[in-house]
Amino acid sequence: MKYFFSNKVRIALIVAAILAAALAIASSLTSLTPGEFIVQGILTPMRATVSSAASQIAQFYDYIYRYEELAAENEELKAQIAEMEDDVRDLSDLERENERLRALLELVEDNDDYTLVDCYVITRSSNDWTSTVTVNKGTSSGIEAGMCAITANGEVVGLVTETGSNYSIIKTVLDSSLEISATIASSGYSGIVQGGYTTETAGKLRMDYLPSSAVIRNNDQVVTSGTTVYPRNLILGYIIDAGFDDTGVAKYAILEPAVDLESLEQVFILTGFDED
């Protein structure tokens with residue numbers, strides 16, 4: 001046992017001597033004392049670890065800063081795009097308004113007896129049998145039930161059926177209960193136009209009571225015949241089909257409405273005109 005411990009001590013002394021010699025050589029090569037060399041050996045890996053961590057933190061900070069910078073830039077670009085879209089919409093509104101005003105001027109010049117009140121559509125309502133629009137002016141603007149509603153192009157929108165001080169409800173030409181005396185402009189054949197009330201003619205107009213001998217052509221324009229409600233030659237629609245009715249002794253025609261009710265924005269109520 002004593003010999004075993006003697007060997008261990010001997011080995012330890014040899015290792016210590018080797019380490020001391022190694023430290024002495026390293027110290028002479030690096031100009032560091034053995035203690036400084038040991039400290040450097042311990043601190044160098046730590047410095048490397050700290051340096052790596054600091055580099056990663058700096059990269060993360062740069063990422064966060066860049067992200068916030070890009071997010072701010074993105075919001076600014078969104079705001080600019082939204083502003084440009086608003087400008088485009090405003091320009092489109094102005095262009096449509098100018099087109100309507102030019103058309104209205106022409107309509108009034110051709111019909112100087114017309115007295116019109118301009119309104120804007122605020123709501124719409126429709127189903128298989130009824131079709132109405134509500135506009136933003138009423139009795140305070142001189143509008144009454146029974147007045148005709150038209151577009152700036154002289155197209156029939158419908159008939160005012162209900163009014164309040166600041167609104168009016170218009171039964172449109174697509175409403176199946178509205179009947180309007182009409183004439184095929186090119187031939188003079190007369191009949192009655194009302195909104196389509198079957199699945200096949202939904203969204204269309206139907207002109208009934210045409211003579212069985214009538215020659216009916218597609219794209220012929222159909223206009224109002226002239227009554228105490230509807231002046232003569234307001235546009236109702238254009239023929240797209242024709243046939244014999246159930247009796248077989250009269251013809252009918254299917255019309256594409258002249259007015260596009262889905263995109264209708266402005267309406268003119270005809271509050272007065274000369275009946276001739």
Side-chain angles (χ1 to χ4, degrees), residues 93 96-183 192-197 202-208 222-237 255-276:
D93 289 343
R96 290 196 302 274
E97 182 75 16
N98 285 339
E99 288 175 3
R100 285 195 295 265
L101 288 174
R102 283 194 293 268
L104 180 63
L105 180 61
E106 184 177 343
L107 178 68
V108 171
E109 286 177 347
D110 292 340
N111 303 275
D112 56 7
D113 58 311
Y114 283 7
T115 303
L116 299 166
V117 175
D118 66 301
C119 313
Y120 284 91
V121 175
I122 53 178
T123 62
R124 310 169 199 271
S125 176
S126 65
N127 55 42
D128 292 341
W129 301 94
T130 64
S131 174
T132 63
V133 296
T134 302
V135 296
N136 65 341
K137 290 185 180 179
T139 53
S140 61
S141 299
I143 299 173
E144 299 176 0
M147 291 180 172
C148 171
I150 63 176
T151 70
N153 295 312
E155 302 156 338
V156 180
V157 174
L159 186 70
V160 176
T161 57
E162 183 181 334
T163 57
S165 62
N166 60 353
Y167 77 91
S168 298
I169 297 177
I170 300 168
K171 183 181 293 186
T172 79
V173 289
L174 290 180
D175 193 296
S176 60
S177 66
L178 192 65
E179 297 184 347
I180 303 173
S181 297
T183 302
I192 299 294
V193 168
Q194 62 185 135
Y197 48 86
K204 303 292 187 283
L205 303 177
R206 175 166 167 143
M207 186 176 186
D208 285 303
V222 176
V223 298
T224 53
S225 299
T227 65
T228 56
V229 176
Y230 303 96
R232 186 185 300 275
N233 292 328
L234 295 176
I235 307 169
L236 286 163
L255 282 61
E256 184 70 39
V259 62
D260 182 3
L261 293 172
E262 291 300 318
S263 62
L264 187 65
E265 296 176 299
Q266 191 174 22
V267 170
F268 297 89
I269 307 300
L270 192 55
T271 58
F273 64 95
D274 291 341
E275 301 172 24
D276 48 18

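Here the structure is a predicted model, which means the values were calculated and not measured.
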query = Quick one: does L236's side chain get under 4.5 Å of T224's, heavy atoms only?
reply = yes
inquiry  = Show, in sequence, the C-alpha distance, side-chain angles and deciding distance for V223 and R232, and conclude whether the side-chain contact (heavy atoms from CB on, under 4.5 Å) test is met.
reply    = CA-CA 7 Å; V223 298; R232 186 185 300 275; over 6 Å; no
query = What side-chain hydrogen bond (donor to acceptor under 3.5 Å, both in side chains) pairs are there with at least one residue in residues 141-153, not counting sequence neighbours?
reply = T151-E155
ask   = Testing D208, V193, I192 for side-chain contact (heavy atoms from CB on, under 4.5 Å) with E179, which one passes?
value = I192
Any side-chain heavy-atom pair of I170 and V121 under 4.5 Å = no
Close side-chain approach of P231 to Y114, heavy-atom, < 4.5 Å = yes
message = Less than 4.5 Å apart, side chain to side chain, heavy atoms only: is that true for T183 and V222?
response = no
task = Search all heavy atoms of K137 against all heavy atoms of I143 and return the closest pair with its distance.
result = O-CD1, 3.7 Å
query = What's the verdict on side-chain contact (heavy atoms from CB on, under 4.5 Å) for L234 and I150, showing C-alpha distance, side-chain angles and the deciding distance?
reply = CA-CA 8 Å; L234 295 176; I150 63 176; 3.8 Å; yes
remark   = Closest non-hydrogen contact found for L178 with K171 is CD2-O, 3.6 Å
inquiry  = Assess the residue pair Y230 and V156 against the criterion (side-chain contact (heavy atoms from CB on, under 4.5 Å)); give the C-alpha distance rounded to whole Å, side-chain angles, the decisive distance to 0.1 Å, and a yes or no.
reply    = CA-CA 9 Å; Y230 303 96; V156 180; 4.1 Å; yes
task = Please name the residue in the list T132, N136, T134 that meets the side-chain hydrogen bond (donor to acceptor under 3.5 Å, both in side chains) test with T123.
result = T134
note = For L255 and K204 the tightest heavy-atom approach is O-CB, 3.4 Å
ask   = Of the non-hydrogen atoms in V229 and C148, which two are nearest, and what is the gap between them?
value = O-CB, 3.4 Å
message = For the CD atom on E265, are there more than 12 heavy atoms of other groups (residues, nucleotides or ligands in this structure) within a distance under 6.0 Å?
response = yes
ask   = Is the shortest heavy-atom distance from the side chain of S176 to the side chain of T130 under 4.5 Å?
value = no
ask   = Counting only N and O atoms by type, is there a donor-acceptor contact under 3.5 Å from the side chain of N111 to the main-chain atoms of D113?
value = no
Polar side chain donor-acceptor pair, D175 to T172, under 3.5 angstrom = no
inquiry  = Could you tell me if the side chain of L261 sits less than 4.5 Å from the side chain of S131, heavy atoms only?
reply    = yes
ask   = Where is the tightest heavy-atom contact between S168 and G138, given as atom of each residue plus distance?
value = OG-CA, 3.5 Å
request  = Take L270 and L116, measure what side-chain contact (heavy atoms from CB on, under 4.5 Å) needs, and give me the verdict at the end.
outcome  = CA-CA 5 Å; L270 192 55; L116 299 166; 3.4 Å; yes
Review item, side-chain donor-acceptor pairs of residues 157-165, under 3.5 Å, at least two apart:
from: T161; atom 1: OG1; to: I169; atom 2: O; distance (Å): 3.4
from: E162; atom 1: OE2; to: Y167; atom 2: OH; distance (Å): 3.4

Heavy-atom check, side chain of V173 versus side chain of V259, under 4.5 Å = yes
key: Nearest atoms (heavy-atom pairs only) where L205 meets G195   = CD2-CA, 4.0 Å
task = Measure the CE-CZ distance between M147 and F268 for me, rounded to the nearest 0.5 Å.
result = 16.0 Å
